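Only heavy atoms go into these numbers, but all of them, side chains included; no hydrogens, no water, no symmetry mates. Atoms within a ligand are numbered from 1 in the order they appear, just like the ligands themselves. Owing to the predicted nature of the structure, the values given are computational and were not obtained by experimental measurement.
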Amino acid sequence: MAADNKMIALAADHGGFELKNRVAEFLQAEGYKTQDLGTYSDERVDYPDYGYALSQAIADGKAGRGIAICGSGIGISIALNRNPAVRAALCHDVTSARLARGHNDANVLVLGARLIGFEVALECVKIFLNTQFEGGRHAERVKKLGKC
Ligand code: RB5
């Protein structure tokens, strides 16, 4: 069964908690369904737990796309990309968010909440969710990513 691209799984550690809530509000206002995998407060937690929860949701087809957030975006990216079903792209500008979809067929957008403002973060989300994979010469490369 194809994953539902209108279902967006969200995950963050304490560093990304506040931005995750803003992203969730934005997505719901735009008509997306969201699945919030935590964390649910700003109490200190470990980003791998949330990265792994999100990668499992993608691997299981429970969500077609994901948005993951930690303080820098780095730790949770590393956790996510350990799962071969995931192509997580850390983006802090709209060009990266567009290329992550167009060239890399990224299925998870990662944001670093301590490095990016709300406005730019929401622009990245918008572009990420509205850009199609270009296929063509990129398709073979993306296929190889699943073969390590
Ligand atoms: C938490 O303090 C911080 O280390 C985490 O959010 C993230 O930036 C790790 O890469």
Check: Is there a donor-acceptor pair under 3.5 Å between the side chain of Ser55 and the backbone N or O of Gly51?
Finding: yes
Notebook entry, point to check: Does Asp13 reach ligand 1 with a nitrogen or oxygen that is under 3.5 Å from one of the ligand's nitrogen or oxygen atoms?
Noted result: yes
Item checked: Close-contact set for ligand 1 against His14 heavy atoms, below 4.0 Å -> 1 (C), 2 (O)
Next item on the list: Considering only NZ, NE, NH1 and NH2 on the basic side and carboxylate oxygens on the acidic side, decide whether Glu25 and Arg22 come within less than 4.0 Å.
Entry: no
Check: Between the side chain of Asn83 and the main-chain N/O of Ala85, is any donor-acceptor distance below 3.5 Å?
Finding: yes
Next item on the list: Answer yes or no: is there a donor N or O on one side and an acceptor on the other, between the side chain of Arg87 and the main chain of Val108, under 3.5 Å?
Entry: no
Item checked: Identity and separation of the nearest protein heavy atom to atom 3 (C) of ligand 1 -> Arg114 NH1, 3.8 Å
Margin query: List ligand 1 atoms under 4.0 Å from Gly75, heavy atoms only on the residue side.
Written below: 9 (C), 10 (O)
Next item on the list: Among all protein heavy atoms, pick out the one at the shortest distance from atom 7 (C) of ligand 1; state its residue, atom name and that distance to 0.1 Å.
Entry: Cys70 SG, 3.4 Å
Notebook entry, point to check: Do the ring planes of His138 and Phe133 sit parallel (below 30°), tilted (30 to 60°) or perpendicular (above 60°)?
Noted result: tilted
Notebook entry, point to check: Considering distance alone, does some N or O of Gly71 sit under 3.5 Å from an N or O of ligand 1?
Noted result: yes
Check: When you measure from atom 8 (O) of ligand 1 to every protein heavy atom, which one gives the shortest distance, and what is it?
Finding: Ser72 N, 2.9 Å
Note to self: Could you check whether any side-chain N or O of Asp13 sits under 3.5 Å from a backbone N or O of Gly15, counting only pairs where one atom can act as donor and the other as acceptor?
What the structure shows: yes
Item checked: ligand 1 N/O within reach of Ile74 N/O, cut-off under 3.5 Å -> no
